[in-house]
Amino acid sequence: MKVLGISGSLRRDSYNSALLRNAPLELDLWEGLKTIPPYDEDDDVEPAPPAVARMRAAVAGADAILFATPEYNASVPGQLKNAVDWLSRPRATSVLRNKPVAVVGASTGAFGAVWAQAELRKVLATAGARVVDADVAVGHAHQRFDASGFLTDDDLREQFDELAQALVAAVDLRQPVAA
Ligand SMILES: Cc1cc2nc3c(=O)[nH]c(=O)nc-3n(C[C@H](O)[C@H](O)[C@H](O)COP(=O)(O)O)c2cc1C
């Protein structure tokens, strides 16, 4: 199973990127978010802008996507929302349609980006993705990782295990049953 990890933070020492590196399943961490241009419907033609085409191909080639989002002013960071807008088109055949996705998040505040996660789930569901109903909310993120980036909270690791299992189950549901 191929899982693509998409962090909504561009920051080098991002807690959300660190969170994805703690995922209890193998994933490829996508590094292209900063290369994605602002969504412009006039530019959303074939061939797509090269960075967008690469992102769409990465998503299309994955069995599932695991997003980690920071919370900016109680919502999804603009650059991540912008990327999802590109991924959501063309609507009928978008690479997100029926794609199993899960959302986790980290913030330095108390609530662990719960609002941003909820909004991202809403946006992904609107785009036609199959959104796993589970969350991992890492509050006080600056206190939850050791110097090597290891997530030290056992409860959060257990929640991450459960979310990963739900994501695998969502992928399995899509596989044709062997004859
Ligand atoms: C523009 C901006 C807005 C923010 N708004 C919130 C917020 O609404 N709630 C929250 O818990 N943290 C907020 N934060 C703090 C982020 O949670 C913190 O910077 C976090 O480390 C970002 O994730 P990252 O480490 O993956 O970059 C904000 C940070 C920035 C830069």
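These numbers were taken from a predicted model, which means no experiment stands behind them. Just follow the structure's listing: the first ligand is 1, and inside any ligand the first atom is 1.
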Taking only heavy atoms of [X], which atoms of ligand 1 are found under 4.0 Å from at least one of them?
X      : result
Ser9   : 24 (P), 26 (O), 27 (O)
Asn16  : 23 (O), 24 (P), 26 (O)
Gly109 : 11 (O)
Ala74  : 7 (C), 8 (O)

[atom]: nearest protein contact (heavy atom, Å):
atom                    : value
atom 21 (O) of ligand 1 : Tyr15 CD1, 3.5 Å
atom 2 (C) of ligand 1  : Tyr72 CD1, 3.7 Å
atom 11 (O) of ligand 1 : Ser107 OG, 3.0 Å
atom 22 (C) of ligand 1 : Pro70 CB, 3.8 Å
atom 19 (O) of ligand 1 : Thr108 OG1, 4.3 Å
atom 5 (N) of ligand 1  : Asn73 N, 2.8 Å

Quiz item: In Å and rounded to the nearest 0.5 Å, what is the CZ to CG distance from Arg121 to Asp133?
Solution: 7.5 Å
Kindly indicate whether the side chain of [X], heavy atoms from C-beta on, has any atom under 4.5 Å from the side chain of [Y].
X      : Y      : answer
Pro37  : Trp86  : yes
Leu80  : Phe67  : yes
Leu156 : Val136 : yes
Val59  : Ile65  : yes
Thr69  : Pro77  : yes

Quiz item: Where does Arg11 meet ligand 1, judged by heavy-atom distances below 4.0 Å: at the side chain, the backbone, both, or neither?
Solution: side chain
Quiz item: Do any nitrogen or oxygen atoms of Ser14 lie less than 3.5 angstrom from nitrogen or oxygen atoms of ligand 1?
Solution: yes
Exercise. Tell me which one of His142, Glu71, His140 gets a heavy atom nearest to atom 7 (C) of ligand 1.
Key: Glu71
Quiz item: Taking the inter-plane angle between the rings of Phe145 and Tyr15 on a 0 to 90° scale, is it parallel (under 30°), tilted (30 to 60°) or perpendicular (over 60°)?
Solution: parallel
Practice problem: Mark the output for Ala141 as yes if a heavy-atom distance to ligand 1 is under 4.0 Å, and as no if none is. | Solution: no
Quiz item: Taking atom types as modelled and ignoring hydrogens, do the side chains of Ser75 and Asn73 form a donor-acceptor contact shorter than 3.5 angstrom?
Solution: no
Self-check item: Atom CZ of Phe111 with >12 non-hydrogen neighbours under 6.0 angstrom
Solution: no
